[in-house]
Asker: 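A single structure is presented below for examination.
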Amino acid sequence: KVTEVNGIHVQPVQGSVYFYCMLLHGLFHVVGNHWIAGIWLQIILQLIGAVLICLGLKKIINKIPAYLAFAYILFSPSGIKAGITYSPQILFFCVFAAVFYFVADYLKRSVEIEETRRFMWVYTIVLGVFIGVCCYLDISGIVLLLLWSVLPMVKRREYTTIWLARWPV
């Protein structure tokens, strides 16, 4: 564990780097200092993230794009390289995928399912906290904030138009 370099205390700037170092430290403390354990951690995190992205896309789009995204994440050259390289990007991807899944679930519930208002307010606040944590880990988490704020309006308008088209004027 590196804490000082030339008498200067080293502190990670990005949140995901700090948590990734803690995760690796805990993993190596449990299984020993075997490099393959870190690679397995990367592969497992990538697989969890790909499954969560696939499930989230199935909620808001369809099965075929979800399966294509799943295959691309796992089998693209950049995905394969990310799976075998020690990097905090995969940890952030896993967190991003989890929050994306909750955003997709929120979108589906806000449009299709008649939930009580109290539940949706609580869900909105909790989802905002999750998105804030994701933005702390990496600035690209702001994409989830945009998705969370824009897509319900687009889907609600589309759903309302379809609903109004069913009723004769």
Asker: Report the residues that fulfil ring pair (Phe, Tyr, Trp, His ring centres under 6.0 Å) with Phe92, sequence neighbours left out, ordered by chain and then residue number.
Answerer: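 Per chain and number, Phe92 pairs via ring pair (Phe, Tyr, Trp, His ring centres under 6.0 Å) with Phe96.
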
Asker: Around Ile64, counting heavy atoms of other residues, nucleotides and ligands shown, do more than 12 lie under 6.0 Å from its CD1?
Answerer: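 Counting neighbours around CD1 of Ile64, 12 or fewer heavy atoms of other residues, nucleotides or ligands fall under 6.0 Å, so no.
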
Asker: Evaluate whether atom OH of Tyr86 has more than 12 neighbouring non-hydrogen atoms of other residues, nucleotides or ligands under 6.0 angstrom away.
Answerer: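 Counting neighbours around OH of Tyr86, more than 12 heavy atoms of other residues, nucleotides or ligands fall under 6.0 Å, so yes.
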
Asker: Keeping Ser87 on the side-chain end and Gln89 on the backbone end, is there a donor-acceptor pair under 3.5 Å?
Answerer: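 Yes, the answer is positive, given that a donor and an acceptor are paired below the 3.5 Å cut-off.
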
Asker: Would you compute the distance between atom CG of Leu23 and atom CD1 of Ile90 and round it to the nearest 0.5 angstrom?
Answerer: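 These two atoms lie 12.5 Å from each other.
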
Asker: Among Leu45, Leu52, Ile73, Ile48, find the residue that satisfies the side chain to side chain contact (heavy atoms under 4.5 Å, CB included) test when tested with Phe93.
Answerer: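 Going through the options one by one, the only one that passes is Ile73.
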
Asker: Can you tell which of Tyr101, Tyr136, Phe102 makes a ring pair (Phe, Tyr, Trp, His ring centres under 6.0 Å) with Phe130?
Answerer: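 Result: among Tyr101, Tyr136, Phe102, Phe102 is the only option passing the ring pair (Phe, Tyr, Trp, His ring centres under 6.0 Å) with Phe130.
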
Asker: Do the side chains of Ile60 and Tyr72 join up, straight or via other hydrophobic residues, at under 4.5 Å, putting them in one cluster?
Answerer: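 No: no chain of side-chain contacts under 4.5 Å links Ile60 to Tyr72.
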
Asker: Should Ile44 and Ile39 be counted in the same cluster of Ile, Leu, Val, Met, Phe, Trp and Tyr side chains packed under 4.5 Å apart?
Answerer: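 Yes: a chain of side-chain contacts under 4.5 Å links Ile44 to Ile39.
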
Asker: Honestly curious: do Tyr106 and Ile142 fall in one hydrophobic cluster under the side-chain, below-4.5 Å linking rule?
Answerer: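 Yes, same cluster.
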
Asker: Is Leu91 reachable from Trp35 through a run of hydrophobic residues whose side-chain heavy atoms are each under 4.5 Å from the next?
Answerer: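 Shared cluster, yes.
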
Asker: Is a side-chain donor or acceptor of Gln42 paired with a backbone partner of Ala82 at a separation under 3.5 angstrom?
Answerer: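 Pair found, side chain donor or acceptor close to backbone of Ala82.
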
